[in-house]
Structure formats: C-alpha cells, structure tokens
Amino acid sequence: MESEKVKEIKKALECCRHSIKDGCKDCPYHNPNEDCQEFLIWNMEDYINELESENERWQEKEGAL
C-alpha cells in the first residue's frame, strides 16, 4: 500500500513530466509563490533517506536472526 507521501510525489513527478504550465494546476506541490520543483526535490530526498534508513533497520534485524 502506497503512503500518501508516495502518491503525492508520484503525482507531482507526473505533472512535471508534462508541460510545466499545463501540469502545475494538478500538482500537489503547486504554489505560485514558491519553486514547487525545489520543494518536490526536497521531499523526494527526505523520502529516499527514510527508505534507506528503513532498509538498514531491516538488514540489521535480519542479521540478528
């Protein structure tokens, strides 16, 4: 099951893949006063870091078995 964070990131990437002007209106990160792509990148980086930490925990847990 996908988390809401993953769904938002995937939707934003889909919007960015299309024309910037056409895709932005449906983007969950759209904010006309800020750089939404920069915000999206920060969120992707945070999520990747979370996944890496979770993967490390699983590897440590498996090693302890």
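- Between Met44 and Leu13 there is a side-chain heavy-atom pair separated by less than 4.5 Å.
- When each of Glu4, Lys7, Glu8 is checked for a side-chain contact (heavy atoms from CB on, under 4.5 Å) with Pro28, only Glu8 meets the rule.
- Looking at Arg57 and Glu60, no side-chain N of the basic residue comes within less than 4.0 Å of a carboxylate O on the acidic one, giving no salt bridge.
- Identified under the ring pair (Phe, Tyr, Trp, His ring centres under 6.0 Å) test for residues 32-59, with sequence neighbours left out: Tyr29-Phe39.
- Around NZ of Lys5, the count of heavy atoms belonging to other residues, nucleotides or ligands within 6.0 Å exceeds 12.
- Among Glu52, Glu50, Glu45, the one residue that satisfies the side-chain contact (heavy atoms from CB on, under 4.5 Å) test with Ile48 is Glu52.
- Across every non-hydrogen atom of Cys15 and Asp26, the tightest pair is SG-C, 3.7 Å.
- Atoms CG and CD1, on Asp46 and Ile9 in that order, are 8.5 Å from each other to the nearest 0.5 Å.
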